[in-house]
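Below is one structure, written out as structure tokens, with a few remarks after it.
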Amino acid sequence: MFGLQGQAIPAVFPIHRLYAPEMKYGKRGTEFKLATLANAEAVMVKIYDRGIGGTAIDSIQMSFAGRTQDNDIWLAQWIAYMRGDLQGKFYTFNVKQEGRWLGETPGIKALAVGINGQRGAIIDMRKTNPRGWRRDYRPDIPANDLVIYEMHHRDFSIDASGGFIYPGKYLAMTERRAVDHLVQLGVNAVHILPSYDYASVDETRLYEPQYNWGYDPVNYWVPEGSYSTDPAQPIARIREFKQMVHSLHRAGIKVILDVVFNHTFDIMGSNFQRTIPDYFYRKAADGSYSNGSGCGNETASERAVMRQYMIDCCKHWVDEYHIDGFRFDLMGIHDIETMNAIRAALPSDIFIYGEGWSAGGCAIPNEKLGMKANISQMPGIAAFSDEIRDGLRGPWDGDDKAAFLGGVKGNEESVKFGIVGAIKHPQVNLKKVNYTDKFWATQPTQMISYVSCHDDMCLVDRLHASVKGITEDELIRLDLLAQTAVMTSQGVPFMLSGEEMLRDKKGVHNSYNSPDSINHLNWKNLRRYPQVMDYYSRLIHMRLAHPAFHLGDAELVRKHLEFLPSQDLVVAYRLKDHAGGDKWKDIYVVLNANKQSRTISVPSDNYTVVCRNGKIEQSGLDTFNGNTVIVPAQSALIFHN
Ligand code: CA
């Protein structure tokens, strides 16, 4: 299309070459490649001694190597080769377009970077593998067996009460204390908040307390530096990230990455904009940048290069870092086709889920987007259920509003919707379910069951805010009741880290940049509220030990899960006839949010009670014979025959 001097030049690279590494280190020399818009005029590579500051020690103009077409775009390919062993040096690209230099950038897929991600790092990736990495494997856990623990590195280990050697670092997860805690709790997947290189923590000033969730991506292919012991050493963040993964894998725990492809920290300074300007971002009809993320921009997953970029980046995290799953931030901004392409490109055991909504209007119509309502068009991809979340705790638009837990009638069907895993079920009355007018999941493993996550108030704060005059006893009762609903759901259960030690965030609704004093876990709470950790742990272990609680198949759920006649503020159901091959015949689960006990009728038989009044014992707390049973106030009762 556009020749060097205006004449047509045929594509010289097969398409996949577009996505080859931008830097390839060799002992004798390093190769650089970059794809730009077809009308770029020149590209410079600069070499530095350091990742930040100082002047370039070398620079070279890249050679034009041809043009390629990729569906919706023509690209120019540039190459350069620099002789000598450049290991330990840093590089940037600078693209000249329409007479203007766009600014230095490490490119759009640097595999290693210097401090604050400003320059690419020239390293030998093989040197980043920790001991035992070749024997590292992804734990084999089917989607319906997962119990997900959402964790921020700094929240988890920063407080002195935790006694960690590496507070706030990847390496904390290699410490026995961390692993033992997770194993004791019973979770088998840790979902880490954004851990690619992000902008909002200054890696040159880690001696100052800084906190951010990290939803402001800079380099998508590289771990964040502030969680490493030395962000100035490009190998450290990569190796330590792998050490974390290996440690968790050895404990049988999967590692899920929170990926934020839907927007970047900014537009004008972004690596995307400095490499292929105005391609990666959607624009509205008037030419302004669309902002479906609420963060100033939204990316264009439907474009060929962006789509392939997302696929390749996920593959890189799986291949290089052995990541087990991805949580897509604002998945409702990405198009369905791209999400399905990512699903198809990744091994089937990689678990994929996302937020099935956006944070504002997008530049393409909702029917084409990865919205919750479209999940049935995305097999093998799950979405968070705000139905069960808000049916339990109260609506997202007011922290002081309560729902089922706070004794507000009318939320029972929303809880039931979550119990079945958002699949079609004859006993769930959709007309009374919040937020949705359809059963959006085809399989129960397409629904994430939860009552709290990093967003909004954590559970303790929400209960304080929404239940007037709540006592500590009531708080704990309702907390345990909430998680019993989550953990007995046929969806995939998910919990925010620290709920097991009754964490609070001092009432802060959006703690994305709050100090450690708000966000940290206080490990002393484990001793203050031992009954909470004990209940959570027993609850999770009971779920995992009984296939009836996680059937993983919509037909089986419809066949075996039967709700009992409804009462206000009670959700009761049974998992009948050895569901999923369970050794327990009929399992009854009763969630009672009333401030008084309630009586439930059951077929006359001998029953063993395994959960009552905040206590769980799989081998049985008690037995009863008959056809009625009393469910204590604000608690769950589980029994079987
Ligand atoms: Ca960073």
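Residue numbers run from 1 in the order of the sequence given. Scope of the values below: all heavy atoms of this structure, side chains included, with no hydrogens, waters or symmetry mates. Small disclaimer: the values here were computed from a predicted structure and weren't measured. In each ligand, atom 1 is the first atom listed, and ligand 1 is the first ligand listed.
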Residues which pass side chain to side chain donor-acceptor pair (under 3.5 Å) with Asp324, listed by chain and number, not counting sequence neighbours | His249
No-hydrogen, no-angle side-chain donor-acceptor test under 3.5 Å, Trp221 and Tyr309 | yes
Residues at least two apart in sequence or cross-chain that pass ring-ring contact (aromatic ring centres under 6.0 Å, His included) with Trp101, listed by chain then number, are none
What protein N/O/S atoms are found closer than 3.0 Å to the Ca ion (ligand 1)?
-> Asp197 OD1, Tyr198 O, Glu203 OE2, Glu224 OE1
Ser63 and Trp78 side chains, donor-acceptor separation under 3.5 Å | no
Among all residues two or more places apart in sequence or in another chain, which pass the salt bridge (Lys or Arg N to Asp or Glu O under 4.0 Å) test with Arg205?
-> Glu208
Is a side-chain donor-acceptor pair under 3.5 Å present for Tyr170 with Ser195?
-> no
